[in-house]
Structures are given as C-alpha cells and as structure tokens.
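These numbers come from a predicted model, not from an experiment. Naming: A, B, ... by sequence-line order, numbering from 1 per chain.
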There are 2 protein chains.
Amino acid sequence: MHAKAVCHVLGHEQLARLGPVMHVRTLSGGAVLYHEGDRARGVFTIRQGMVKLYKLLDGRCQVTGFALPGDLIGLAQDDRYAHSVEAIEGAELCCWEQHRFCGVLNAFPPMKHAVLERSLLELATVQRQLLLLGRKTARERVATFLLQMAARVCRGRPNFIPLPMSRTDIADHLGLTVETVSRTFTALRKEGLIDLGDRRGARVLSFDGLRAVAEP
Amino acid sequence: MHAKAVCHVLGHEQLARLGPVMHVRTLSGGAVLYHEGDRARGVFTIRQGMVKLYKLLDGRCQVTGFALPGDLIGLAQDDRYAHSVEAIEGAELCCWEQHRFCGVLNAFPPMKHAVLERSLLELATVQRQLLLLGRKTARERVATFLLQMAARVCRGRPNFIPLPMSRTDIADHLGLTVETVSRTFTALRKEGLIDLGDRRGARVLSFDGLRAVAEP
DNA sequence: CGAAGTATTGATAGGGGTCAAGCTCGGTGG
DNA sequence: CCACCGAGCTTGACCCCTATCAATACTTCG
C-alpha cells in the first residue's frame, strides 16, 4: 500500500494521532533491503524506482517479481521474509515498522481490507507466473513479460516499456538464461514486433503481434 | 478456512444468529467445481478428499496447487475465479455464499485476520513453486514435491505419502511430462529413496536422501 | 582512452519432450 | 471364475529447445 493510499484511507488527522509510524528511505541501485529468512521487522511501499524480489538456491536465482511505485512489500506470514529484495535503480521507500503497521490495520478495517485485496491480486499474478514458468516456451515467456510490463508501467507514452532491470534479472524472472532472453528479444525485433533502440527499454510496434506470440 | 475453524473463531451462538450461511456439498472424482473466469459466487473449504486448482492454455495445463481438508479456496480479487477446480477423488466441501462470507469477515475482524494470514501463507507457498518451476531440475522438482506432500498429509503413518492424483496431475503441477515424472519416480525407487508398492502413494525410505536431492 | 561490466551472437551438447510400444490393474460381462 | 478391455503407468528410442561454453560487441565510468 502506497503511503498516499494509506493516507487516503486513514485521513491525515487520524494518521497524525498515530505518531511517527512511517519514515522514508532511499536505496541506490544494487542495494539490498532485506534477505530471505531475515526476521520481518518492517513493511515497505515503493515511492520511486523499482526493486526486484527474488529467491536463491545454491547459485541459481528466481526473481519472483518486480515492485513498482505504489506496491507494498515485506508482509510476512510467519515473521520471516519469504524472499530477498534488491533495488534495481535508485529507489525511494516508505518504511513502516511491522507491528505498528499491523496496529494500523487492526485500528482501521478498511486498511486491512485493502491489504487483503492486494494480497489476493498478488496471488493471482503469481499464479499466472506459474503457468508461464511451467508451460510456456521462451518466446511466449518473453512476449508475456513485455505485455505485463506494458500494462503496469506505460503511463504517458503507451508504446514505450521501460526495462530498468538487467537481462539477467529478466532471465531469472522468466526461468531462462540471459542468452535465450537476448536471442528472443532479437528475434522479436527482427520480426518487427518491437524496437530496441534503448537498451533499458523497448518500443512496442505491434501489441496484437505480441499478444499472438504470448498466448497462441 | 475450515468450517470448524470458522466456528471456532465465531462461536456457535454468533454463527446461529447469522442464519444459514453455509451448506455442504459433495463432488465425485473428476467433477468440476468451477472454471477459471467464472463469476465468483462462492467460497469453499475442503472437508474431505482432495481437489486440484489449475489453469489451461490451449491444451496445456498448469496445476497451481492441490487443496486438502481445511484449505480455503475460491477467494477472488476481481470477482472472477483465477483458476479452475476439479475433484481428484470424492470430495466434500463447505460452500459459503460469496458476499455472505464477506459479511462474516467484516463483522468479525479475527476472521478477516485469519483469512489474510492464510492468503500470505498461500503466497509464500506459490513463490516457492516459482523457484521450483523456474530453476529446479526434474529430479529436484519430484523430490521437492514428495517432501511437500509429506509435510502436508502425513498424519499417522509418517513414512507413507498418499498420492491420490494421477501422474498427469503431478506432471502438470511440476511443469514436466508424465513420462519424465514416471522415469524420475523409478530412478528414486532404484536409488532406494522411496518405495512405490501402491501406485496411489509412496513410502519414503530416506527423508535425508530425498532432501539432498530436492535442495542440492 | 582503457577497463570492467553488460549484452549480443555463434557453436555445441544435454535434459527433458515427443512418439511409440508394452505393462498393470481394476472393472465388466460371459 | 476368468478372459477381456481400457485407462493409466512405465519404458525405450529419438529429437528439439534451450543451456552451456566461448568469442565478440557495446556502454559506462574512472
């Protein structure tokens, strides 16, 4: 939940009565916010930038998701974080102390409701990712990924998808290798579906074509 | 949330005042409870048996999970189910009418809290599955699956894992083919890690060995 | 401009998919 | 009771998609 959203639900006067429950923090690119298995002391919302959530297994990495401005991260069921978080580019976060945050949730039912809704949305997203990882080809994965990112971040220029994460991060998100991601990007470019002028972004030339590749 | 758990949180006298919010329903093996995309009218808890949750993509199938007695299914964020549900063996469910269930949640904060906790637990489980599908080998996937099932269902006989689902269901859960699942089971058997006397179950001969295969 | 990290491209190989053939076992009917 | 049948499971042979290994370009930054 974004701080603004929290304020919206609570109202500023109520929030003021709660005292200083939140503070802002900045992360530079590559900085780690917390590690999987750490005791969960804080909950965070993204204000600026992008972070990746990931799990490690003896050298192998699975990026479970990317968090963008407005996203809530760090909620844990068993007071241990279930994944690690690292900033992809400079990021700015709202930090909520864990049980203060829970206190707010308990004090304001609409907040708790909103958090539940978000968790269910997140669940649906992750389950779509299961289908991608379990059953889609490399081409389909990359095309799906581009469409997902387009849906999330393309405010303003509707064709341009910012891709601040590295090719390795994309590969680790899609269950592929860097080489396969790179080759697939090239293939989609040669087919005229995307333009890769900037390396940290892609311009979509045919959403229909991309959709056709993503879900045959 | 299991009906019993609901009763536990609410207390029977409170529940009685709510009127008939719940009824019981049985499904025979292979019966479909609902399809992905259907308008979400009900929420369900499993009383008996096992059901599979799955998503389809032009013939391909991804089983996102198996629900066991006590599990809550059918919560949707956008009033459309995010997956299909089919009974694996005869199953018995508690059915809650969707907005009645939400009414109960709103009336009893501890219930809503419990549902949030469950959703977060579910989220953590699914994210572990992302790591499995994105980064584990067939051997690791099968071994991990066996350990997961052992942790969930082995009350009583600690070594025996009931596997009421078909090999195809297991394959669709692990992002593999039936053949690979079968070959891998055979390999683990020949290595002395499991015994496959019954086809709808497995006896674990070495949990340590299985763990070593699951997470190298 | 040089160095180091990141991305692309090429050549090769292997893990798991595909296709096809037996095997098992529970159910059915003579 | 048992022969038969069919669905599900196992095993084998072969192949393909993607991983791996290696070399080359590009980009960023001191």
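- In the set C:dT8, D:dT11, D:dA19, D:dT11 carries the atom at the smallest distance from any side-chain atom of B:Arg189.
- With distances taken from any side-chain atom of B:Arg167 to the nucleotides C:dG16, C:dT18, D:dT10, the minimum falls on D:dT10.
- Ring centers of A:His173 and A:Phe66: under 6.0 Å apart, within the cut-off.
- Looking at heavy-atom distances under 4.0 Å, A:Ser166 makes contact with sugar-phosphate atoms alone, never a base.
- Between the C1' atom of C:dT24 and the CG atom of B:Asp198 lies a distance of 13 Å, rounded to the nearest Å.
- For B:Thr177, the listed nucleotide lying nearest its side chain is C:dT18; candidates were C:dT18, C:dG16, D:dA19.
- A salt bridge links A:Glu140 with B:Arg60: at least one charged nitrogen is closer than 4.0 Å to a carboxylate oxygen.
- Nucleotide C:dC19 holds its C1' atom 11 Å from the CZ atom of B:Arg183, rounded to whole Å.
- Within the nucleic acid shown, A:Arg141 has no heavy atom closer than 4.0 Å to any nucleic acid atom.
- The CD1 atom of B:Ile88 sits 15 Å away from the C1' atom of D:dG8 (whole-angstrom rounding).
- Residue A:Arg211 qualifies as enclosed at atom CZ: its count of foreign heavy atoms under 6.0 Å is above 12.
- As judged by a 4.0 angstrom heavy-atom cut-off over every strand, A:Arg199 is placed among residues touching the sugar-phosphate backbone only.
- For B:Arg141 (side chain) and B:Ala214 (main-chain N/O), no donor-acceptor pair under 3.5 Å exists by modelled atom type.
- At whole-Å resolution of the value, NZ in A:Lys136 and P in D:dC17 are 18 Å apart.
- As rounded to whole Å, 17 Å separates atom P of C:dG16 from atom CD1 of B:Ile170.
- Rounded to an integer number of Å, the gap from B:Arg139 CZ to C:dG16 P is 10 Å.
- Across the interface with DNA chain C, nearest-nucleotide mapping of A:Met165 and A:Arg135 shows A:Met165 to be the residue nearer the 5′ end.
- Among C:dG10, D:dT18, C:dT18, the nucleotide with an atom closest to any side-chain atom of A:Glu179 is C:dG10.
- Side-chain N/O atoms of A:Thr180 include one lying less than 4.0 angstrom from OP1 or OP2 on D:dA19.
- One interatomic measurement links the two molecules: CG of B:Leu196 to P of D:dT11, which rounds to 10 Å at whole-angstrom precision.
- Proximity of B:Thr137 to the phosphate of C:dG15: no side-chain N or O atom is located under 4.0 Å from OP1 or OP2.
- Between B:His35 and B:Tyr81, the ring center distance fails the sub-6.0 Å criterion.
- Within 4.0 Å of A:Arg200, counting heavy atoms only, lie sugar-phosphate atoms of the nucleic acid but no base atom.
- When rounded to the nearest whole Å, the span between CG of A:Leu176 and C1' of C:dG16 equals 15 Å.
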